Amino acid sequence: GPRTYGDQVAVPCRFMRGGTSRGPFFRAADLPTDPAARDAVLLAAMGSPDPRQIDGLGGANPLTSKAGIVGPGDRRDIDLVFRFAQLQPDSDLVDTTANCGNMLAAVVPFAVESGLLVPDGDTTTARVLTLNTGLVAEITVRTPLSGAPGGTGADEEAAGGADEEPAGGAADGSAGGTGARYVAYDGDTAIDGVPGTAAPVTIGFLDTAGSVCSALLPTGNVRDRVEAPGIGPVDVTCIDNGQPLVIVDAADLGRTGHESVGALNADTELKERLEALRLVCGELMGLGDVTSKNYPKMTLVSPPAHGGAINTRSFIPHVCHESIGVLAAVTAATACALDGTVAAALAAVPPGTDVNVSVEHPAGEFTVALGLSPDEPRRVTRSALVRTARLIMAGDVLIPGGAWNPR
Ligand code: NQM
């Protein structure tokens, strides 16, 4: 059973950055199995609801109100299972319906650190099943041997340090190895929205179409003309290639789409109209009443300004994203490649079956590699991208006894 620490409960936890998101990661076995009890623990860990999250680990933004739960896979075609939980600073909602491709970037590093996965070479690739939607990703991280040429020389204490946990963070189990394998976080890969550079985490997706919705184009159309209270008829593309999005041309809402995040977050008039549109589109997409759901995300598109394919401002769904979500970028890139969508009207996507689509966002750009079918009209069959991740803190998060009473 869980350990107590005075009048609190100590839950083993690693605080990780995954891409442009951040949050605590847990092994599934360390949390209550009952979803309501689990959610109470997550709320207490994050300090929600409270706009400042002063009594927890949350960072007062949806991007830093996320948690990850990782367990072993079936060991045949799935190495790890991952459940993503989206919390909010100022509400007690814990939503495990949709995906987060940014937090996904931290899953394999976490699994190695916490003994769920044994690294097997200078890079380690794992197939991760996201329990939220059944999405499978193939993820590769760098796992050099400590002391080996090209390694960073991190010592075993720093690389392992798995104290009470089984297997140990850096155990590689190889006979006669000169050192232990560890997850390298240091590297040369930069992603917009995160300062500096770090080791690359590559993520490949097959079959992302219709993650939360019933299909890639849940209304059956590449484009719908929609009316909502306070908003005249406007063209939208409702699409889900890993993240349900409603794509709107910023110009149709009287904006350039190049406004700053701060300006958009202060634009109450725009946010009210986007929410009215979201509620109508949620019904059209078969998602029902989305008032208290964090999807679909509203995505303003506009012509690119820095040589990319398209420019975006993503609302998740009530706060403007500092950059763009991973699967939101995959979905926006997919829309750019589909004839007739609101995005394709503004986007330049080259011909061919393997294309890179650069999605511009407030902090720079996000390149999505798309695999397209050779037939016309083109269909997106796979996608791949690069993120980075980092272990920020390892230890226990302490949960007030009122939120988890193990007795
Ligand atoms: O779309 C934010 C993020 C995300 C989700 C959000 C994400 C994705 O940037 O896969 O990564 O859309 O709520 O972390």
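Read the numbers this way: they start at 1 and go in the same order the structure lists the ligands and their atoms. All figures in this text were calculated on a predicted structure; none of them were measured in a lab.
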*Cationic N near anionic O, under 4.0 Å, D30 to R3*: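 So D30 does not pair with R3 through a salt bridge.
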*State whether E269 and R273 are salt-bridged, where the test is any N-O pair (Lys NZ or Arg NE/NH1/NH2 against Asp/Glu carboxylate O) under 4.0 Å.*
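Judged by the 4.0 Å cut-off on N to carboxylate O distance, E269 and R273 do form a salt bridge.
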Any nitrogen or oxygen of [X] lying under 3.5 Å from a nitrogen or oxygen in ligand 1? Just yes or no.
| X | answer |
| --- | --- |
| L63 | no |
| H321 | yes |
| V326 | yes |

*asked:* Between R378 and G352 (side chain of the first, backbone of the second, donor and acceptor by atom type, cut-off under 3.5 Å), is there such a pair?
replied: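 Yes; judged by distance alone, with no hydrogens or angles, the pair exists.
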*Counting only N and O atoms by type, is there a donor-acceptor contact under 3.5 Å from the side chain of R83 to the main-chain atoms of A67?*
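No: the side chain of R83 does not pair with the backbone of A67.
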Near [X], which atoms of ligand 1 are under 4.0 Å from a heavy atom of that residue?
| X | value |
| --- | --- |
| A328 | 1 (O), 8 (C) |
| I316 | 6 (C), 12 (O), 13 (O) |
| L327 | 1 (O), 8 (C), 10 (O) |

*Is it the case that D188 and T197 place a side-chain donor and acceptor less than 3.5 Å from each other?*
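No pair is found: no donor N or O on one side chain lies under 3.5 Å from an acceptor on the other.
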*Ignoring hydrogens and angles, state whether a donor on the side chain of H361 or D192 is under 3.5 Å from an acceptor on the partner side chain.*
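No pair is found: no donor N or O on one side chain lies under 3.5 Å from an acceptor on the other.
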*S302, S323, P304 screened by side-chain contact (heavy atoms from CB on, under 4.5 Å) with E360, the one that passes*: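 Per the side-chain contact (heavy atoms from CB on, under 4.5 Å) rule, the option paired with E360 is P304, out of S302, S323, P304.
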_Under-4.0 Å heavy-atom contact with ligand 1, by part of K66 that carries it_ =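 Within the 4.0 Å criterion, K66 contacts ligand 1 through side-chain atoms alone.
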_Part of S21 with heavy atoms under 4.0 Å of ligand 1, whether side chain, backbone, both or neither_ =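 It is the side chain that touches ligand 1; the backbone stays farther off.
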_I'd like to know if P62 contacts ligand 1, where contact means a heavy-atom distance under 4.0 Å to any ligand atom._
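So P62 does not count as touching ligand 1.
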*asked:* Suppose we measure from atom 1 (O) of ligand 1 to each protein heavy atom; which comes out shortest, and what is that distance?
replied: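 For this ligand atom, the closest protein heavy atom is Q243 NE2, 2.7 Å.
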*Would you mind checking which non-hydrogen protein atom is closest to atom 13 (O) of ligand 1, with the distance to 0.1 Å?*
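The protein heavy atom lying closest is K297 NZ, 2.9 Å.
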*asked:* Can you tell me how far apart CG (L274) and OG1 (T299) are? Round to the nearest 0.5 Å.
replied: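 It comes to 9.5 Å.
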